[in-house]
Number of protein chains: 2
Amino acid sequence: MARRRQSVTIKHVAADAGVSLQTVSRVINNEPNVRPAMKERVQASIDKLGYVPSIAAQRMSGSRSYLILAINDRERTIADWTARQGGDWVDQMLLGGMLTASEHGYRMLIELVDTHDDHVERELGAALSALHPDGVVLTPPHSENSQITGLLAERGIRFARIGSKEPGPGIAMTMDDDGAAEEATRHLLELGHTRIGFIAGSEEYSLSDWRKAGWERTMGEAGLDCDDLCVRGDFGFDSGLAAARKLLALDDRPTAIIGSSDQMTLATLEVAHEQGLEVPRDLSLISFDNTPIVRFSNPKLTAIDQPIAKTIARAVELLIDRDGDEVEQPVVVSGELVVRQSTAAPPSGT
Amino acid sequence: MARRRQSVTIKHVAADAGVSLQTVSRVINNEPNVRPAMKERVQASIDKLGYVPSIAAQRMSGSRSYLILAINDRERTIADWTARQGGDWVDQMLLGGMLTASEHGYRMLIELVDTHDDHVERELGAALSALHPDGVVLTPPHSENSQITGLLAERGIRFARIGSKEPGPGIAMTMDDDGAAEEATRHLLELGHTRIGFIAGSEEYSLSDWRKAGWERTMGEAGLDCDDLCVRGDFGFDSGLAAARKLLALDDRPTAIIGSSDQMTLATLEVAHEQGLEVPRDLSLISFDNTPIVRFSNPKLTAIDQPIAKTIARAVELLIDRDGDEVEQPVVVSGELVVRQSTAAPPSGT
DNA sequence: TTGAAAGCGCTAACAC
DNA sequence: GTGTTAGCGCTTTCAA
């Protein structure tokens with residue numbers, strides 16, 4: 001266990017094993033053309049000295065940087081962190097991304113970028129120049145920001161677009177928003193609901209309309225009207241309040257509502273309570289996201305889980321293994337409906 | 001806006017400005033011995049070409065790596081992420097750490113390390129060799145793991161120890177656990193409580209006993225007994241359940257309980273409800289941590305906020321500015337008592 | 001199958 | 001003040 005003050009380099013290993021630097025390099029990178037005996041000898045020296053290649057040096061000499069950049073919207077992310085309302089998007093990204101990356105000897109670094117900024121390009125460009133990541137994971141709304149995707153494509157950096165279906169450079173991935181909305185709707189249909197309201201999310205996110213489309217289609221297939229049953233919010237709590245009020249003020253009021261985010265659905269729950277409606281007796285609720293908070297409301301919300309960790313894990317894999325191009329796109333990772341206490345049969349009077 | 005396929009290097013800038021590489025380097029690093037006119041000219045080229053130095057190259061040539069490593073306990077962190085119970089420790093670290101780091105041109109990278117593992121040293125050593133971070137932020141229980149602090153010291157890497165008071169290498173930092181417990185106790189005292197129970201955290205964390213000490217001292221100063229009023233948990237929900245049952249089974253039952261974590265305090269709330277006690281009418285509760293979930297219980301919990309973001313931000317600053325050594329240690333960043341709905345005067349009968 | 005040489009982009013040390 | 005030289009630790013030629 002030689003432990004030098006300065007960390008051990010490839011030279012030390014080469015000297016110890018009595019081979020050239022090149023051979024050590026080949027062993028590190030699992031390259032062919034190394035005789036087993038040689039390989040073993042070198043590996044022994046590596047283990048003995050506790051040698052670990054310097055990523056900076058590897059990157060310098062034109063090889064990989066072993067870095068994946070996960071990019072999130074700055075404003076939104078900081079707002080979430082500051083509000084401390086229980087959103088765990090970033091944690092789930094880390095859970096899926098970091099762990100998968102590290103299995104492959106990579107690291108994942110979070111980077112915050114302003115979408116609305118005029119200088120997204122400069123901001124992101126600087127990060128790319130400084131870090132030279134081997135891959136980038138884009139989350140909504142960046143996934144569909146052509147300034148960003150364009151820059152990445154131009155620089156020849158592999159990237160995944162979470163929440164995007166469009167063809168084009170980068171690996172498109174979705175969490176099956178359409179199918180999830182269908183599943184939620186179908187669940188309510190099976191319980192006997194016919195007036196199922198829907199609170200859509202911000203138009204800035206394509207997935208908002210995929211969810212809406214899934215609900216609409218399923219309603220249509222069941223021969224049911226959607227007419228005035230959809231209201232648009234912006235994913236936030238306040239917009240949910242407004243949307244819920246609108247829906248619950250309808251003459252033929254919905255007996256169930258699907259909210260496109262936990263915040264909006266929780267807001268709906270609050271409005272329901274305000275109006276003396278009991279959930280799920282008078283009103284069934286299904287939420288999208290399944291962030292921690294849905295477990296703490298009363299009743300606990302039935303929700304569509306967003307498989308963020310799984311999706312990011314898959315993205316990182318595709319980025320690292322470099323077979324993202326061969327895979328059929330969009331890559332879809334489906335979430336599931338987690339049934340809790342906010343859904344039941346509609347009131348019998350209806 | 002020259003935009004090359006390959007990113008622009010220091011050479012391009014030097015050529016464009018008609019100066020030597022070194023001069024450009026000096027400008028980048030804000031070094032002296034560059035005439036203002038020269039500096040301006042170089043800066044103009046930098047801006048024009050959109051040049052950003054490659055961190056890998058900077059690191060290679062013996063300068064900084066512009067990287068701060070934030071190390072968390074692997075097992076605990078993954079458990080938290082998987083449980084999705086609303087803990088936001090990592091988010092708060094990122095909020096404080098990432099943002100502060102980026103203000104200084106640094107990045108913060110999260111790294112998960114097993115404390116209990118026999119090969120902490122190898123694991124951490126590998127990360128250090130690969131990344132060569134300029135600084136490391138240690139969180140409990142790593143902060144007091146001498147294998148870890150020893151390795152860091154040996155390698156000459158600056159580090160901060162959050163939740164540690166001991167002298168020794170690295171910057172010791174606390175969130176004033178003792179003072180916070182005092183504040184919580186005092187708040188209850190002022191409301192008129194005299195039987196104040198305390199649920200301590202795992203002994204593996206020194207801060208558990210600092211909190212306990214703060215409570216004990218304050219109780220003592222008020223001439224009050226602590227005798228059977230302290231039960232130890234492990235920060236987790238189940239241990240809180242057990243501790244609360246023990247405390248509430250006491251003959252002279254406490255009218256208030258301070259829990260050393262949100263999970264344990266929430267468990268206490270549940271036990272109270274089980275036993276038909278109303279909070280805060282029959283029992284007051286104060287929690288430690290102030291993670292998102294305390295906002296979603298009924299009643300909302302009064303809690304001592306752990307100023308994680310602030311603390312990590314300060315740690316990163318001290319690490320980057322390299323004046324951590326001159327600062328008085330331990331560096332303490334105080335949290336505050338956030339009064340919500342779980343504290344009131346004790347039942348009048350008492 | 002192995003090794004030697006060159007160079008990645010940058011900065012330290014030294015000259016000028 | 002500014003430029004030159006060397007070299008960081010590694011991988012990519014290319015030669016043996």
Side-chain angles (χ1 to χ4, degrees), chain A residues 4-43 45-46 49-67 105 126 128-132 134 156, chain B residues 4-43 45-46 49-67 105 126 128-132 134 156:
Chain A
R4 294 166 162 72
R5 178 123 204 72
Q6 292 306 339
S7 47
V8 358
T9 74
I10 197 171
K11 272 190 191 164
H12 301 128
V13 178
D16 185 87
V19 298
S20 74
L21 301 188
Q22 192 43 31
T23 304
V24 179
S25 173
R26 289 196 179 100
V27 172
I28 296 166
N29 297 297
N30 248 312
E31 279 169 21
N33 297 340
V34 185
R35 238 178 318 205
M38 186 90 283
K39 181 166 180 172
E40 216 166 294
R41 180 144 62 98
V42 173
Q43 189 59 53
S45 292
I46 291 179
L49 301 176
Y51 167 71
V52 177
S54 154
I55 290 183
Q58 294 188 113
R59 154 74 197 100
M60 276 300 297
S61 45
S63 121
R64 325 242 181 107
S65 65
Y66 296 98
L67 245 189
L128 298 178
S129 299
L131 266 9
H132 297 279
D134 290 334
Chain B
R4 296 166 160 72
R5 179 123 202 73
Q6 292 305 340
S7 46
V8 357
T9 74
I10 196 172
K11 271 190 193 165
H12 302 130
V13 177
D16 184 86
V19 298
S20 74
L21 300 188
Q22 191 51 296
T23 303
V24 179
S25 174
R26 288 195 180 99
V27 173
I28 296 166
N29 296 296
N30 247 312
E31 279 168 21
N33 297 339
V34 185
R35 234 179 324 207
M38 186 90 281
K39 182 167 179 171
E40 215 166 295
R41 180 144 60 99
V42 173
Q43 191 58 54
S45 292
I46 290 179
L49 301 176
Y51 167 71
V52 178
S54 155
I55 289 183
Q58 293 187 114
R59 153 73 196 100
M60 277 301 297
S61 47
S63 125
R64 326 244 181 105
S65 64
Y66 296 97
L67 246 188
L128 299 179
S129 299
L131 265 9
H132 296 278
D134 291 334

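What's counted below: heavy atoms across the whole structure, side chains too, no hydrogens, waters or symmetry copies. Just so it is clear: chains get the letters A, B, ... in the order the sequence lines come, proteins before strands, and each one is counted from 1.
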Undergrad: Test of understanding: with side chain to side chain contact (heavy atoms under 4.5 Å, CB included), list the residues that count as partners of B:Q43, not counting sequence neighbours.
TA: B:V27, B:I46, B:D47
Undergrad: Starting at CZ of B:R35 and ending at C1' of D:dT2, how long is that distance when rounded to a whole Å?
TA: 8 Å
Undergrad: Taking only side-chain N and O atoms of A:S25, does any of them lie within less than 4.0 angstrom of OP1 or OP2 on D:dT11?
TA: yes
Undergrad: How far does OG of A:S65 sit from CD of A:Q58, to the nearest 0.5 angstrom?
TA: 9.5 Å
Undergrad: D:dT2 P sits how many Å from B:E40 CD, rounded?
TA: 13 Å
Undergrad: How many Å lie between CG on A:L21 and C1' on C:dA6, as a whole number?
TA: 13 Å
Undergrad: For the atom pair CG (B:L67) and CG (A:L131), what is the distance rounded to the nearest 0.5 Å?
TA: 7.5 Å
Undergrad: Between B:A57 and B:K39, just flag the one whose closest nucleotide in DNA chain D comes earlier from the 5' side.
TA: B:K39
Undergrad: Less than 4.0 angstrom between a side-chain N/O of B:N33 and OP1 or OP2 of D:dT2, yes or no?
TA: no
Undergrad: Quick one: is B:S54 getting a side-chain N or O under 4.0 Å of the C:dG9 phosphate, OP1 or OP2?
TA: no
Undergrad: Determine whether a donor-acceptor pair (N or O, by modelled atom type, separation under 3.5 Å) exists between the side chain of A:D16 and the backbone of A:H12.
TA: no
Undergrad: Can you list everything that forms a side chain to side chain contact (heavy atoms under 4.5 Å, CB included) with A:R35? Sequence neighbours excluded, please.
TA: A:M38
Undergrad: Angle between the end axes of the helix from C:dT1-D:dA16 to C:dC16-D:dG1, five pairs per end, to the nearest 10 degrees?
TA: 30°
Undergrad: For C:dG3, does either OP1 or OP2 sit under 4.0 Å from a side-chain N or O belonging to A:T23?
TA: yes
Undergrad: Starting at CD1 of B:I55 and ending at C1' of D:dC8, how long is that distance when rounded to a whole Å?
TA: 17 Å
Undergrad: Using only side-chain N and O atoms of B:T9, determine if any of them is under 4.0 Å from OP1 or OP2 of C:dG9.
TA: no
Undergrad: Tell me whether the OP1 or OP2 atom of C:dT11 has a side-chain N or O from B:Q58 closer than 4.0 Å.
TA: yes
Undergrad: Hey, does A:P32 reach any base, or is it just sugar-phosphate, or nothing, if we go heavy atoms under 4.0 Å?
TA: nothing
Undergrad: Which nucleotide in the set D:dT2, D:dT11, C:dA12 lies at the smallest distance from any side-chain heavy atom of B:M38?
TA: D:dT2
Undergrad: Write down the distance between CD (A:E31) and P (C:dG3), rounded to a whole number of angstrom.
TA: 14 Å
Undergrad: Counting only side-chain heavy atoms from C-beta out, which of C:dT11, D:dG9, D:dT13 sits nearest to B:I10?
TA: C:dT11
Undergrad: Between C:dT11 atom P and B:M60 atom CE, what is the distance in whole Å?
TA: 12 Å
Undergrad: Take the protein atom CZ of A:R59 and the nucleotide atom P of D:dG9, then report the distance between them rounded to whole Å.
TA: 17 Å
Undergrad: Between A:R64 and B:G18, which is nearer to the 5' end of DNA chain D once each is assigned its nearest nucleotide?
TA: B:G18
Undergrad: Mark yes or no for whether A:D134, through its side chain, and A:Y66, through its backbone, hold a donor-acceptor pair below 3.5 Å.
TA: yes
Undergrad: Looking at B:R59 and B:R64, would you say the former's side chain and the latter's main chain have a donor-acceptor pair under 3.5 Å?
TA: no
Undergrad: Rounding to a whole Å, what distance do you find between B:R26:CZ and C:dA15:C1'?
TA: 11 Å
Undergrad: Looking at A:Y66, I'd like to know whether one of its side-chain N or O atoms comes within less than 4.0 Å of OP1 or OP2 on D:dC10.
TA: no
Undergrad: Counting any heavy atom closer than 4.0 Å, what does B:V24 reach on the DNA or RNA strands: base, sugar-phosphate only, or nothing?
TA: nothing
Undergrad: Looking at NZ of B:K39 and CD of B:E31, how far apart are the two atoms once the value is rounded to the nearest 0.5 Å?
TA: 10.5 Å
